[in-house]
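Chain identifiers are assigned alphabetically (A, B, ...) following the order of the sequence lines, protein sequences preceding nucleic acid strands; residue numbering begins at 1 within each chain. Remember, predicted model here, so these are calculated numbers, not experimental data.
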Number of protein chains: 2
Amino acid sequence: MTSKLPITDSRFERWQTETALASACPVRDVLDHVASKWTTLILICLAARPQRFAAIGRALPDISKRMLTQSLRQLQRDGLIARQVFPTKPPSVEYRLTPLGQSMLAPLGALIDWAENNHAEIRRSRSQYDAFESGSIG
Amino acid sequence: MTSKLPITDSRFERWQTETALASACPVRDVLDHVASKWTTLILICLAARPQRFAAIGRALPDISKRMLTQSLRQLQRDGLIARQVFPTKPPSVEYRLTPLGQSMLAPLGALIDWAENNHAEIRRSRSQYDAFESGSIG
DNA sequence: GAGGGAAGGTCTATATTAGAGACCGATTTC
DNA sequence: GAAATCGGTCTCTAATATAGACCTTCCCTC
């Protein structure tokens, strides 16, 4: 709120400085894990309700079991989701958001809303780019 | 259906439905591009001020030229950044956020703030996970 | 009691993608 | 005229993702 440009305040300058430090930087450290296709999608899945392995897989039809397992482990390791095994006959495993995972839904939701609101414009931009830059002129 | 959990409103159920449609889904379509390490970091870079190719490269020391070029092209194609060539003697190229790119800073900033605020807890969770799940007990 | 299906995975083999770094053309500098 | 800068491209290799076969335990059918 200290600038005249829309969002561009000093935070971004600081983040920029921090990115130089690579692994020491929270932004990179968290974003590298969190801002990835499947983990984000899994979080969205579990936002509605806790779900079991196969249910998440069904919700994300083009994820492989391997990636699903791997992504779930990572989210669990980062403390965003919890894994709970029920001793049913074919043992069932339920994944649910932790409070930390829940707390991420707000910023993530904002990003998703942005995505929905601007999807049309992005697609417009893409077709224009494709027509010009790679098509007839290139 | 509707639940009593904190953030969990019907948006997430809708998004979950949409993810099944894969490429037709704005969430996936945008997130696949946007929620990736380098593009996010480049956006942050350009948030502070327009910058030239080499400057962005310097700000992100461990990005390769190839990835930088590729990520810039993608952001340009999506209409988030604009590329402007100046006919200086060694021609210089400046990248700047478009209004669309600017508009993404708000949700992106929220996510980054979350990352900073929760980095400590995430790291705590990770070391705990590493100690238990893969270490002495496994 | 052999076979099959469901749950929750693992493992392997292959395709895709990222990263390192050589190279390029233009221009300026020494 | 050799070296360096800028903004890339190109190739080769390393890492990562995907598809899909397979595993184990239990219940059910035949």
Separation of atom [atom1] in [X] from atom [atom2] in [N], rounded to whole Å:
X: A/Met67; N: C/dA15; atom1: CE; atom2: P; result: 18 Å
X: B/Ile56; N: D/dG7; atom1: CD1; atom2: P; result: 9 Å
X: B/Leu72; N: D/dC6; atom1: CG; atom2: C1'; result: 14 Å
X: A/Leu68; N: C/dG8; atom1: CG; atom2: P; result: 10 Å
X: B/Gln51; N: D/dG7; atom1: CD; atom2: C1'; result: 15 Å
X: B/Glu94; N: D/dC6; atom1: CD; atom2: C1'; result: 14 Å
X: B/Phe86; N: D/dG8; atom1: CZ; atom2: C1'; result: 18 Å

For this session: Give a yes or no on whether a salt bridge exists between A/Asp78 and B/Arg124, defined as a side-chain N under 4.0 angstrom from a carboxylate O.
Result: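 Result for this pair is no, no salt bridge flagged.
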
For this session: Salt-bridge test for A/Asp62 and B/Arg28: reply yes if a basic N is under 4.0 Å from a carboxylate O, no otherwise.
Result: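 Looking at B/Arg28 together with A/Asp62, the answer is yes, because their closest N to O distance falls below 4.0 Å.
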
Problem set entry | Atom pair CZ/CD1 of A/Arg58 and A/Ile63 - distance to nearest 0.5 Å |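 With rounding to 0.5 Å, CZ (A/Arg58) is 14.0 Å from CD1 (A/Ile63).
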
Just to be sure I understand the rule, does [X] reach a base, reach only the sugar-phosphate, or reach nothing, if contact means heavy atoms closer than 4.0 Å?
X: B/Tyr95; value: sugar-phosphate
X: A/Thr69; value: base
X: A/Arg66; value: base

Picking from [options], which would you name as closest to the side chain of [X]?
X: B/Ser64; options: C/dG8, D/dA19, C/dA20; value: C/dA20
X: B/Ala54; options: C/dG9, D/dG8, D/dG7; value: D/dG7
X: B/Arg52; options: D/dT18, D/dG7, D/dG8; value: D/dG7
X: B/Lys37; options: C/dG19, C/dG8, D/dG7; value: C/dG19

For this session: Scan side-chain atoms only and decide if A/Arg66 and A/Gln70 contain a donor-acceptor pair under the 3.5 Å cut-off.
Result: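 The answer is yes; a qualifying pair exists.
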
